[in-house]
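Working notes for the structure below.
These values consider heavy atoms only, across backbone and side chains, with no hydrogens, waters or symmetry-generated copies. Below, read A as the first sequence line, B as the second, and so on, with proteins coming before strands; counting in each chain starts at 1.
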Amino acid sequence: MKWAIADVVGVREETPTARTIMLRIPGWTGALAGQHIDIRLTSPDGYQAARSYSLSSAAGAEFASVSIELMPDGEVSPYLVRGVSVGDQLEVIGPLGGWFVWKPTQPEPLRLIGGGSGIAPLVSMLRTHAEAKSTAPAHLLYSVRSPDYVYFRDELDALAAAADAEVTIQYTRHAPQGWTGTVGRLDGARVTSWAASTAPADGGTVSTYICGPTRFVELAADTLVATGADPLTVRTERFGGA
Amino acid sequence: MGIVTPGFFGKRREADPHLPPGQYETKDFPVLSAGPTPNIHEGEWEFSITNESGDVKRWSWDEFMALPIENVDTDIHCVTRWSKFDTKWRGVSLDTLFAEIETDADFTMAHSYGGYTTNVPLEDLLEGKAWVAFEFDGEPLDPEHGGPARLLVPHLYFWKSAKWVTGLTMHETDELGFWEVNGYHAYGDPWKEQRYYYDS
Ligand SMILES: Cc1cc2nc3c(=O)[nH]c(=O)nc-3n(C[C@H](O)[C@H](O)[C@H](O)COP(=O)(O)OP(=O)(O)OC[C@H]3O[C@@H](n4cnc5c(N)ncnc54)[C@H](O)[C@@H]3O)c2cc1C
């Protein structure tokens, strides 16, 4: 595997501070849902900075996509969210990572918990799940600030409407008009009640994937383990930050 | 070096001789783990070294604390590209532990609570290069950073510094551990940028 020069073939604003970038990568043969790529930027004097980004595209997608949240003081994410346009080229390597992955051959129910941009690899799993017509029940718990900050809004609605996945959104600051659910941080009690409501009736195994900022992942994973989940069935990807 | 990215100038300009290629300095202490953080109490914690003949030497927490403790001041480098300078640890040198072990094997596998493993050649653990650390910055090591105790092998990428470590087994050949089977490099030298399995 080597660094490849990818063409930016599409960009989509997901939220006021996040966007998806679609890439045509030479020799790309797809990935496993949950894997990431590294993107490397090079300044005119040869200085380089690279960061990891989870793929949000389905496993078999022709174009790889990444979905990036702007970190205001960051070095790489502001450039990717604000500075890149269709026709630009970026250096990438991947797909990478072999543990935080979901395969359509996994028959057990799938539980996904995402915070902010942590939705990216989980959407890849849901897209892969839908394309493979997997019959494994899929549940997503997605924590976002407010309705404007929901990534993949239409697609999540469509997945829920088609009963491919059950989608629960936890708004942490503001909910949409007419919202009847609760508003507030995803705390242990909310994770516990969601987990209980998604538990299979036969008490069988569930695979859980948790992704987002470090603190968020710690809270969700610790809560599940404290309420009885087998740690080996809980896979995590921590994006950094607090 | 690759293509120039128009309009990208970068923020962290100073070339710092302490920074391996492709790394940037952070003041935070980010967390890289594959799953939930195990919660192990000192009372149940145990460390052991098993040699190639199956002989086991064990230390309880109290026995461990009675061993000579060293202060370690070192830079650390995570494969996800952050480096942290001048981190301060306290722990027991692997030289102290191996003084009691009879072995001719060249490779070790570190085993952690939670089932994770990582492979490290024995020579990378000896001669003042590695510790089992239980204190960071003057405080007991946080569980999310590997407490009660983790391996500390600062000259390799930090995933080799197995969190929640509970033992080493000796092997005659170099077998791959959990992270290495899942795509990371078998050895992991940050100065050679050995991040992923295909890096030479
Ligand atoms: C395997 C993996 C997959 C990732 N996938 C994605 C993805 O799909 N989408 C995405 O947006 N990011 C993802 N990240 C995070 C990404 O790699 C960068 O860390 C992030 O874009 C910030 O980079 P930067 O250069 O802009 O900021 P930097 O210059 O590196 O850092 C600026 C500051 O922001 C802090 N920071 C870094 N990340 C976060 C965070 N997530 N939350 C809060 N503070 C943070 C840093 O600690 C630092 O203080 C992933 C990380 C990993 C390890």
Side-chain angles (χ1 to χ4, degrees), chain A residues 1-3 5 35 38-52 73-76 78-80 82-84 88-91 93-101 208 210 214-215 217-218 220-226 229-242, chain B residues 1-16 19 21-40 78-82 112-116 142-145 159 164 176-185 193 195-200:
Chain A
M1 200 181 290
K2 289 197 314 211
W3 287 92
I5 298 176
Q35 285 190 300
D38 284 1
I39 300 184
R40 179 164 82 179
L41 308 181
T42 304
S43 74
D45 64 357
Y47 171 82
Q48 296 185 320
R51 299 288 185 274
S52 299
D73 297 327
E75 179 170 38
V76 171
Y79 182 84
L80 295 175
R82 299 280 186 242
V84 169
D88 287 353
Q89 293 190 314
L90 292 170
E91 270 190 294
I93 193 163
L96 304 166
W99 177 247
F100 191 80
V101 297
T208 305
I210 308 175
T214 301
R215 288 275 160 270
V217 172
E218 289 293 314
D222 288 352
T223 303
L224 289 180
V225 172
D230 172 356
L232 290 175
T233 65
V234 180
R235 298 174 192 224
T236 58
E237 190 88 280
R238 294 166 177 81
F239 278 3
Chain B
M1 120 169 184
I3 55 164
V4 168
T5 321
F8 174 73
F9 299 100
K11 289 178 81 171
R12 297 162 217 278
R13 308 298 306 172
E14 336 76 80
D16 189 323
L19 213 48
Q23 297 291 109
Y24 62 91
E25 187 193 350
T26 179
K27 307 275 184 205
D28 304 345
F29 195 166
V31 178
L32 171 70
S33 323
T37 296
N39 211 340
I40 299 104
C78 179
V79 68
T80 62
R81 300 178 185 277
W82 56 265
S112 298
Y113 289 96
Y116 303 112
D142 269 349
E144 69 185 54
H145 292 304
W159 88 78
W164 318 299
L176 297 182
F178 169 85
W179 294 101
E180 295 78 12
V181 164
N182 283 297
Y184 288 97
H185 195 274
E193 249 197 300
R195 296 179 197 277
Y196 302 116
Y197 66 92
Y198 53 79
D199 292 321
S200 50

(message) Using the rule given for side chain to side chain contact (heavy atoms under 4.5 Å, CB included), can you reason through A:L96 versus B:Y198, listing the C-alpha separation, both sets of side-chain angles and the distance that settles it, and then say yes or no?
(response) CA-CA 11 Å; A:L96 304 166; B:Y198 53 79; 3.3 Å; yes
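- To the nearest 0.5 Å, atoms OG1 (B:T37) and CD (A:E218) are separated by 3.5 Å.
- B:T5 contributes atom OG1, which lies 9.0 Å from atom CG of A:D88 (distance to the nearest 0.5 angstrom).
- Of all the listed residues (B:G7, B:P38, B:A34, B:P6), the one sharing the greatest number of non-hydrogen pairs under 4.5 Å with chain A is B:A34.
- The two residues A:Q89 and B:I3 have their closest heavy-atom pair at CB-CD1, 3.7 Å.
- When the heavy atoms of residues 177-185 of chain B are compared with those of chain A, the residues falling under 4.5 Å are B:F178, B:N182, listed by number.
- Top candidate by heavy-atom pairs under 4.5 Å with chain B, chosen from A:G74, A:A229, A:A220, is A:G74.
- Both the backbone and the side chain of A:W99 come within less than 4.5 Å of a heavy atom of chain B.
- Ring-plane geometry between A:Y47 and B:F8 is classed as parallel, the angle between the planes falling under 30 degrees on a 0 to 90 degree scale with a further cut at 60.
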(message) Could you walk me through whether A:D73 and B:K11 satisfy the side chain to side chain contact (heavy atoms under 4.5 Å, CB included) test, starting with their C-alpha distance in whole Å, then the side-chain angles of each, then the deciding distance to 0.1 Å, before giving a yes or no?
(response) CA-CA 9 Å; A:D73 297 327; B:K11 289 178 81 171; 4.2 Å; yes
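- Of the charged side-chain nitrogens involved, at least one lies within less than 4.0 Å of a carboxylate oxygen, so that B:E144 and A:R215 count as a salt-bridged pair.
- Ranking B:G115, B:G114, B:S33 against chain A, the residue ahead of the rest is B:S33, based on heavy-atom pairs under 4.5 Å.
- Scanning both residues, B:P36 and A:P231, for their nearest heavy atoms gives CD-O, 3.6 Å.
- Using a 4.0 Å cut-off between charged nitrogen and carboxylate oxygen, B:R195 and A:D38 do not count as a salt-bridge pair.
- The contact between A:V234 and chain B is made by backbone and side chain atoms together, counting heavy-atom distances below 4.5 Å.
- Within the 4.5 angstrom heavy-atom criterion, only side-chain atoms of A:Y79, from C-beta onward, approach chain B.
- Residue A:I93 touches chain B through its side chain alone, counting heavy-atom pairs closer than 4.5 Å.
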